Structures are given as structure tokens and as C-alpha cells.
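Chain naming here is simple, since letters A, B, ... match the order of the sequence lines and numbering starts at 1 in each. In what follows, every heavy atom counts, from backbone to side chain, and hydrogens, waters and symmetry copies are set aside. None of these values were measured; they are calculated from a predicted model.
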Protein chains: 2
Amino acid sequence: MLGQTETLWPASPVDDGDQQHFCSTCVFGNLCMPNGYSKDALRELHCLVEHVGPFRTGTEIFRSGGEFTAVYSVRAGVVKTVVRDDRGREQILGFHTPGELVGLNAVYGDRYPCNAVAVDTVMVCRFSFPAIATLSAKIPDLQHTLFKLMAKDIGTAQMGKGDFSAEERFAAFLVNWCERLAERGYSDRRISLPMPRGDIANHLNLAPETVSRVIRRLIDEGVLAVDRRDVEVLNKSALRSYAASLLQRA
Amino acid sequence: MLGQTETLWPASPVDDGDQQHFCSTCVFGNLCMPNGYSKDALRELHCLVEHVGPFRTGTEIFRSGGEFTAVYSVRAGVVKTVVRDDRGREQILGFHTPGELVGLNAVYGDRYPCNAVAVDTVMVCRFSFPAIATLSAKIPDLQHTLFKLMAKDIGTAQMGKGDFSAEERFAAFLVNWCERLAERGYSDRRISLPMPRGDIANHLNLAPETVSRVIRRLIDEGVLAVDRRDVEVLNKSALRSYAASLLQRA
DNA sequence: CGACTGTTTGAAGACGATCAACCCCTGTGG
DNA sequence: CCACAGGGGTTGATCGTCTTCAAACAGTCG
């Protein structure tokens, strides 16, 4: 199990030297195609990218109602997107790991529909959306990538729909989190959940107490080992079986 | 209130003669920009559109797992999109009225992620997606429209997230339904809900019995008059106040 | 008329929310 | 070094809403 004092995993992906296998090490993040772009395309993309940050925990990268000008690629840290209703209750739409693009849902309308808030210390790259849209007309691969990223966001948002138990929700969240981190070169067994329990609960439409109880059950069953916000998946297949009904939708 | 035998509203939008104010009367549906396209663009769009139908209740326009080749614009009737999990339980992602585009969520991946099923008798227009993507690189307005439509779908899917009561869910659904029909020239007070109660319940993550009870309460409060699948909104502001917390998310 | 589906209504039960208390860790100041 | 305050997290007891189960009802189509 986990000791209290040992550091379990590195805070950033393992350095591959000059090789860059993962898009998280590229300023474009998921804006990269699997096969990359031509040199010309890359040069043009580089012209319009802008490094921003760091943002400290709780600070806003953009704000709901603010003029939509750009999308952001997460370079480091975790970003959450949040909507607030008139009575101040907030709903966390999602968490975004390095490489992922934030702000695409603002393309409809000329204002951001949600807040983007730093969960921990965050670095981002800013892409002017008008510029990227114009560029995508010239670079079919880029247009295709944008279409795919937006369609993926539709699918992600739709996956939340459905009547699922607390266990299913949390397990699916954890499995999905592991997979996304694994794509970036992190361990898929030992992961960090940098956001507070209440944020996880909010995102899953559960009470913080319920999340706590679910975690307890999973620990008691030997599925997880948990030390504060660090999680080790001990029985991946068991976790997957909990998440199955939510993830395996044909 | 409603009599049993009278026909409350026309089955299709009022004919304006030669004027075509609404996109539902145009084969392109929401693929139309507010200001329309140039003649050249229209001609090219016309080349790749394909009329399909009619589909009878319960028949599939496309099927989950099928090769993704095209998106569909609803011309007449209502289409529902459905995902089925491994145990046969199904989840209705959404209902689509005339003018709306179905299948954009398939752009990610090369297979449809859901079934599209006719709720009543449905006519659609088929657009080859590769063709439309290619065309959109030449027509900036079309690209922009596609981006916006996809972003809107993200927003629609995200709106479902949150912890809402049965009343809030149903009221928000009904208000949204009215607004979408109103955009198409239908009455915004007297509407038809052509899908069975069970489908509404499924979409809202409620039991059919719960939907039935919510409707009963709204009738008793004088907010609605209901005759089978025809609904008249008697107190729009009351209905909106129920839906407020779900719709008014800044 | 009778089988069928879809809808409504009632009663009992389950799951998660809420309320309340406690714990653990951190940081701060004496 | 210890005391204390504070936030985040955990645990237990109770409550409420929606689900489930069961039955009756309505409209439709053969």
C-alpha cells in the first residue's frame, strides 16, 4: 500500500530527451494531428500561439460572459470549466489535463458560456480563434482536427447523460482520468487527482460525502489505495467492471 | 381547456407563400447561415444534398457502429438519437426537430456513436460529410456554421449536467422544445410532443411514472393543458420559473 | 369485442442528500 | 516547541425524492 511520506510518481511526464512522443510536450496539444502537420502549417500555427501563465489555484483563465476571442491548450496543471447559475450554485462541466483544448464550446455565441479556472498551477497556450479558423480553411488537416475535437467534446458531454449509480460515476471518472493521463505519458495506475473531493462530487452530481463513501468501499474491496489526492489503482479490471455500463456504450 | 376532438394546430408551419423565412422550409436546415450564402455556394451545396425518406416510426436513419459517411438535416418529423449499452438499456441523447442537424457527434471516430431513429414519420436530407468538409474549406461561412453547430451541440449536451428536480427537468425540456418549434414558425403555446412519455422520461433520466406525476401537478396548477401528446402552455412565466435554474445558467 | 401498448395512479422501497460531529493535516503565532 | 484555528475530508444518522412494483385505465388496431 501507500506510505505517507514517499513520493509516488513524477509531477510531469518522463523526459524522452529530444524525442517528443506526446502532444502534451508540444505547445499545440491536441491541436496536433496524429501525423503532425507540414512545416508550413507548423510555422503558421507557431505565429499565432501565445504562452500564458502561470495561473495559481482558483484563478480564472477566462470568465463566463467574457468576449470569446481564443481557445486554450493546457500545457501544465489541470483546468476546470464551471457554470454558475443565478443563485451562485456552480456546476463543474469538466476537468482538462495537459494537451486538452478548453473553450471550444464558446464558438457558439460570442461570449464564453463558462468559467475556466486553474485547479492547481496552470500553464496554457492561447490561440486566437478567428486566426485559427482562418488558418483551418487553408490547412485541411487543421480543420479536420478542429471538427474532431469539437465532436469529441459533444461525445464527452453526452456520456454524462444517463442514470448511473455513485459507484459507476466515480469509477468511470477515474478510468477515464487514467486513460487521459496515460495518453500523456503518465502512469495509468498511480495518478493524482489534484482537485478537492467536493469538485469531483460536483462534477459527478454527487454529494462530497457520497464520493468519500464510494472511495472507502473501493479501498475496502482492494480496488484502490488512496493517500489524500494520490490514487493507486490496484485492481484495474474490477474498476473497469464498475465503470463498464457508463463507458461501454456501443 | 382542450376539447377532445378539435385539432389544435397545423401539422406543419404556416405557408408564407413564396417567402421562406424559416430554415425548416429550406433543405439545408440549420446549415443555412442567418444571411444565407452566395449563389455559387448554394449551387455547390445543392449538388451534394440528397433527399431521403420517409422513415416510419421506429425505423433507423443511421445505426450505432455504422460507417460514418453523412450528416442529416431533419426536414419533417422528429428524430431521436439513442445509445444502447451492452445490456440493452437505452439512453436517449436528444430529440431533433425540422431544421436541426443530426450526426455531427460522429465526426469524432469513423463510426456513428448512436442510433438515429424516427419518432414519427420523418423526412431528412443527407449530406456527405467528406464533401461538406471539403466544401467548407472553400466557403468560410459554411465552415463557420459547422463550427457553430457543433459548439451548440456541446452546449446542449452540457446543459443536461447538474442536479435538478423532476419539475425542473421537465419544465426546461418543455420550454426548450417550445422555443425550438417557435423558431420554425410553429406556435410557441400549443405544441405537440410526438414521442411517448417513456421516451421523454428516458431522456430526462426519470421514470415514466415520475413524468406523468409532474405533468399532473402542472395541470393541477393551471400551467398546462394536456390532451395525450398535445400540450398547451397556459402559464408560460410559471413554466419558465420552474425551468429557470436549468436554463438561466450564466 | 379483445389483445396490445401506452399512460396513469397508488403504495412501498432504495439511493443519495442533508445534517451534524469528528478527524487529519497545515499553517500560524505565541 | 506547542497551541490554536481553519479547511478539507471522513463517518454516522436521518430525511426526502425518485424509483420500483403493482394494478387499473384508455385508446388503437386487429
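Across all strands shown, B/A166 has heavy atoms under 4.0 Å from sugar-phosphate atoms exclusively, and none from any base.
Counting only heavy atoms from C-beta on, A/S165 has its side chain closest to C/dG16 among D/dG9, C/dG16, C/dA17. Of the candidates C/dT18, D/dG9, C/dG6, the closest approach to any side-chain atom of B/R229 belongs to C/dG6.
A search for salt bridge (Lys or Arg N to Asp or Glu O under 4.0 Å) contacts involving B/D199 returns B/K80, not counting sequence neighbours. By the salt bridge (Lys or Arg N to Asp or Glu O under 4.0 Å) test, B/E67 is found to be paired with no residue, residues two or more places apart in sequence or in another chain being considered. Listed by chain and residue number, B/E100 satisfy the salt bridge (Lys or Arg N to Asp or Glu O under 4.0 Å) test with B/R180 (two or more places apart in sequence, or in another chain). When the salt bridge (Lys or Arg N to Asp or Glu O under 4.0 Å) test is applied to A/R216, the partners found at least two apart in sequence or on another chain are A/D220. Residues meeting the side-chain hydrogen bond (donor to acceptor under 3.5 Å, both in side chains) test with A/R111, sequence neighbours left out: none.
Contact of B/E209 with D/dC21 (side chain to base): a donor-acceptor pair of N or O atoms is detected under 3.5 Å.
A straight line from CG of A/D120 to P of D/dG8 spans 15 Å, rounded to a whole angstrom. If you take CG of B/N202 and P of C/dT7, they are 13 Å apart, rounded to a whole angstrom. As a whole-Å value, the separation of B/R89 CZ from D/dT19 P is 14 Å. Remark: P of D/dG9 and CG of A/D199 are 9 Å apart, rounded to the nearest angstrom. Going from atom CZ of A/R197 over to atom P of C/dC24 covers 16 Å, rounded to whole Å. When rounded to the nearest whole Å, the span between CG of A/N205 and C1' of D/dT17 equals 15 Å. The distance from atom CD1 of B/I219 to atom P of C/dT7 is 13 Å, rounded to the nearest whole Å. The CE atom of B/M195 sits 18 Å away from the C1' atom of C/dT5 (whole-angstrom rounding).
Look at A/R228 and you won't find any side-chain N or O under 4.0 angstrom from OP1 or OP2 of C/dC24.
Counting only residues at least two apart or in different chains, ring-ring contact (aromatic ring centres under 6.0 Å, His included) contacts with residues 223-243 of chain B are absent. Counting only residues at least two apart or on different chains, the ring-ring contact (aromatic ring centres under 6.0 Å, His included) pairs with a member in residues 192-218 of chain A are A/F95-A/H203, A/F173-A/H203.
Between its two ends, the helix from C/dC1-D/dG30 to C/dG30-D/dC1 turns its axis by 20°, counting five pairs per end and rounding to 10 degrees.
Looking at residues 210-217 of chain A, you'll see A/S212, A/R213, A/R216 sit with a heavy atom under 4.0 Å from some atom of DNA chain D.
Between A/D163 and B/R89 there is no salt bridge, since none of the side-chain N atoms of the basic residue sits less than 4.0 Å from a carboxylate O of the acidic one.
Each of A/F55, A/F127, A/F62 was scored for a ring pair (Phe, Tyr, Trp, His ring centres under 6.0 Å) with A/Y72, with one residue passing: A/F62.
Each of A/D163 and A/P208 was assigned the nucleotide of DNA chain D with the nearest heavy atom; the assignment lying further toward the 5' end belongs to A/P208.
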